[in-house]
Amino acid sequence: MGGNSDQAELERQFQQRIDDDIKIEPKDWMPDAYRENLIRQISQHAHSEVIGMQPEGNYITRAPSLRRKLILLSKVQDEAGHGLYLYSASETLGISRLELIEALQSGAAKYASIFNYPTQTWGDVGAIGWLVDGAAICNQVSLQRTSYGPYARGMIRICKEESFHQRQGYEIMLALARGSDEQRQMAQDSLNRFYWPALMMFGPHDGESAHSAQSMRWKIKRETNDALRQKFIDQTVPQIEFLGLDHPDRDISWNESRGHYDHGEIDWHEFYSVINGNGHCNRQRLQHHIRAHQEGEWVRDALAAYQEKQRQRDCQDPD
Amino acid sequence: MIDRQDSDDILAYAVRLGDDALVLGQRISEWVSNGPFLEEDIAYANVALDFLGRARMYYRYAADLARDGRDEDHFAYRRNEREFTNLLIYELPRGDFAFSQVRQLFVDLYNTGFLAGLGTSEDPQLAAIAAKTAKETRYHLRRSREWVLRLGDGTRESHSRTQKAVNELWGYTHELFDVDPLEQRLAARGVAVDNRMLRPAWYQAVSRVLDEATLEIPGDDWAVRGGRDGYHTESLGHLLTELQYIHRCYPGCCW
């Protein structure tokens, strides 16, 4: 009985700290479910950064100018860096990077389904930077206030870089929109293909989101899926107008009384279909990751063997 | 006094150096998302960015000298296999991790000597590029050297892969130290580096690293040459096909 009341008291104090907006740090007591929820969310975020290197990486060797090539390469490098910060943040919760990678490769852990869509044209690289990173920023800005300290601090740095990524994506779109007829068509086609999947990145409607309510109470999430999605829809309308492209949502219209844009219904059937394996790249993304990891095994083994030899040499020769 | 002949020579020289940097930067960039772990994806991206950045500096200088409307992208995207003048070692496919790291060690050690020489060039622009890029090369060398030591003296498999890479690359290192008439003219003017002078120090440094890595120096029984004359391996055409595809699909477009 004493144990249970101790537990209840710890949970009460924990919730009090959350309610008082005091950050939870790695060595603080936390409920197991909070820890597991965070590991799920942070590692899913880390995996998304890492898998997200593939669709854009697809154009590093083909970027149409040297300037674009350098910017794209830097951007993909940043995504790898974000993956590292986030794996490190996950590790503060008592799980290793190896375990996280195994969970990704076995399918136990998820990554953002947006990366199951193929990058077919250079315009897609622009659309991903603008829309996909733009949607990610809406979510991540709110996560700067998340309750877990290492995650919140990681987000502050990631957001700075992501806003640069969004600008570079928009700049690609702007160059296309102001270019030749073919380039404008390329921009419109990429916008058409990536707009709806970008809206789906915010997840299901609030009533249907499996993890939302508890995550809001623990302030792991700070704003609901629908609120963040609305913010993104509102900010994107003038950006599309400035490009002079057609809005992919024919039902988009300003609602004076709400102070927001009304929009057409999202095709959730497609969302679940892609998540459940019917996207163009679901299998390829994981196979790519597994192949690279397996091909690198002998390198990691060599590193470990060399370090062990060095350790033995140091023992034999302390000078 | 820089006369017309000098200016044409320097332009061609800058393009060569740009080609070396572009082709290797392109090859290294293929590693991104394919490395043995995430830190190496980041490191490879860094090195690729340095080489691609070098390519831009050399090409821009060439464009300044040309004064005929050609820009950096013209040199990178609008020339074919016979017009590229990079050394062959840079264009070879990336191979496995050992192959890429051994190539990197060879060219980093070569560039250590080469950029030190170019840093004293009579041509201030080339000297400035050399001063900036020599710092990058110090970092590249630190990494490639450390990796070759670990791979050579790691496991039986890593040792055998690394020795194989050394053997396969060795015949392409000789060309690094050739000097053709154009480079001789520029070297006599104090503009270009006389690469022949770089070989002894390079050989000594490579021997030291390979020895420490428990690897053997191969014999000099074969050598492939021709990059500076546009005489390339078949792999360059495929590299350029990929590199230039979009740019050439939409002629005259801005990106």
Side-chain angles (χ1 to χ4, degrees), chain A residues 46 49-54 56-70 72-81 83-84 87 97 101 121-122 172 175-176 178-180 182-183 186 288-289 291-310, chain B residues 22 25-27 29-46 48-49 52-53 55-56 59-60 71-73 75-77 96-98 101 146-147 149-159 161-162 213 239 242-250 252-255:
Chain A
E49 298 281 0
V50 171
I51 295 295
M53 293 167 67
Q54 291 181 38
E56 290 176 283
N58 185 32
Y59 270 90
I60 290 174
T61 55
R62 292 180 288 171
S65 72
L66 289 177
R67 176 171 172 270
R68 291 289 175 206
K69 190 191 278 291
L70 264 90
L72 180 60
L73 187 48
S74 304
K75 176 184 191 295
V76 175
Q77 184 189 37
D78 284 350
E79 312 292 3
L84 269 188
Y87 282 133
R97 205 204 299 183
I101 289 174
T121 70
W122 174 250
I172 288 174
L176 295 177
R178 291 175 177 174
S180 67
E182 277 182 306
Q183 284 178 305
M186 188 189 280
H288 180 121
H289 194 273
R291 178 191 48 71
H293 191 70
Q294 284 174 349
E295 282 177 5
E297 190 174 7
W298 69 269
V299 179
R300 297 189 298 275
D301 289 347
L303 198 55
Y306 179 84
Q307 280 163 350
E308 177 58 22
K309 285 183 195 177
Q310 285 297 92
Chain B
L22 174 64
Q26 174 83 356
R27 276 289 180 236
S29 75
E30 295 171 8
W31 275 103
V32 176
S33 91
N34 287 301
F37 44 90
L38 208 42
E39 285 84 346
E40 281 305 304
D41 283 357
I42 295 174
Y44 265 128
N46 256 334
L49 282 166
L52 294 169
R56 289 185 81 187
Y59 287 154
R60 279 182 189 173
D71 60 8
E72 60 180 37
D73 285 338
F75 292 107
Y77 289 92
D96 66 6
F97 192 76
Q101 289 299 354
E146 295 280 323
W147 264 119
L149 292 180
R150 278 155 182 72
L151 298 177
D153 193 17
T155 61
R156 194 192 294 249
E157 180 180 4
S158 71
H159 177 86
R161 281 175 183 263
T162 312
L239 180 146
E242 198 172 334
L243 178 100
Q244 299 176 339
Y245 164 71
I246 300 175
H247 189 95
R248 286 197 188 243
C249 270
Y250 302 93
C253 285
C254 292
W255 302 95

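To find a chain, count down the sequence lines: A is the first, B the second, and so on, and within it residues start at 1. The figures that follow rest on heavy atoms only: side chains count, while hydrogens, waters and symmetry mates do not.
Not a single donor-acceptor pair under 3.5 Å links the side chain of D153(B) to the backbone N or O of Y306(A). For H288(A) (side chain) and S33(B) (main-chain N/O), a donor-acceptor pair under 3.5 Å exists by modelled atom type. In this structure, Y77(B) contributes its side chain and S65(A) its backbone to a donor-acceptor pair below 3.5 Å. Judged by distance alone, the side chain of Q77(A) and the main-chain N or O of V32(B) form no donor-acceptor pair under 3.5 Å. In this structure, the side chain of R68(A) engages the main chain of W255(B) through a donor-acceptor pair within 3.5 Å.
For the pair R62(A)/L243(B), no side-chain contact is recorded, criterion being any heavy-atom separation below 4.5 Å from C-beta on. At a threshold of 4.5 Å between non-hydrogen side-chain atoms, the residues V299(A) and E40(B) do not count as touching. You'll find the side chain of F97(B) stays beyond 4.5 Å of the side chain of E295(A), heavy atoms only.
R161(B) touches chain A through its side chain: at least one heavy atom from C-beta onward sits under 4.5 Å away, while N, CA, C and O do not. Using a 4.5 Å cut-off between heavy atoms, I172(A) does not touch chain B at all. Only the side chain of R291(A) comes within contact range of chain B, with at least one heavy atom under 4.5 Å from a heavy atom of that chain. Of the atoms belonging to A76(B), it is side-chain heavy atoms, and not backbone ones, that fall under 4.5 Å from chain A. Within the 4.5 angstrom heavy-atom criterion, atoms from both the backbone and the side chain of L149(B) approach chain A. In this structure, the portion of Y59(B) lying under 4.5 Å from any heavy atom of chain A is its side chain and not its backbone. Contact annotation for T121(A): neither backbone nor side-chain heavy atoms come within less than 4.5 Å of a heavy atom of chain B. Proximity to chain A (any heavy atom under 4.5 Å) is restricted, for D41(B), to the side chain, taken from C-beta onward.
Taking a cutoff of 4.0 Å between a charged side-chain nitrogen and a carboxylate oxygen, E157(B) and R300(A) do not qualify as a salt bridge.
Here the shortest heavy-atom pairing between A305(A) and T155(B) reads CB-CG2, 3.7 Å. Heavy-atom minimum distance, D73(B) versus L66(A): OD1-N, 3.0 Å. Taking every heavy atom of both residues into account, G154(B) and K309(A) meet most closely at O-NZ, 2.9 Å. Summarising the geometry of G296(A) relative to P36(B), their closest heavy-atom pair is CA-CB, 3.6 Å, with the distance given to 0.1 Å. In this structure, W298(A) and L151(B) approach most closely via the heavy-atom pair CZ3-CD2, 3.8 Å. The minimum heavy-atom distance between I246(B) and P64(A), with the atom names listed, is CG2-CB, 3.9 Å.
Of the listed residues (Q294(A), R178(A), R97(A)), the one with the most heavy-atom contacts under 4.5 Å to chain B is R97(A). Most heavy-atom pairs under 4.5 Å with chain A, from the set A55(B), G152(B), A45(B): that is A45(B). Between chain B and the options A175(A), A80(A), S180(A), heavy-atom pairs under 4.5 Å are most frequent for A80(A). Contacts with chain B were tallied for I60(A), D301(A), L303(A); L303(A) has the most, counting heavy-atom pairs under 4.5 Å. Most heavy-atom pairs under 4.5 Å with chain A, from the set R248(B), H159(B), E72(B): that is E72(B).
If you check the side chains of T61(A) and E242(B), you find a donor sitting under 3.5 Å from an acceptor.
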Would you sort out whether M53(A) and L38(B) count as a side chain to side chain contact (heavy atoms under 4.5 Å, CB included), showing the intermediate values? CA-CA 11 Å; M53(A) 293 167 67; L38(B) 208 42; 4.2 Å; yes
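With rounding to the nearest 0.5 angstrom, the CG atom of L49(B) is 4.0 Å from the CG atom of L73(A).
Under the ring pair (Phe, Tyr, Trp, His ring centres under 6.0 Å) criterion, Y59(A) pairs with no residue at all, not counting sequence neighbours.
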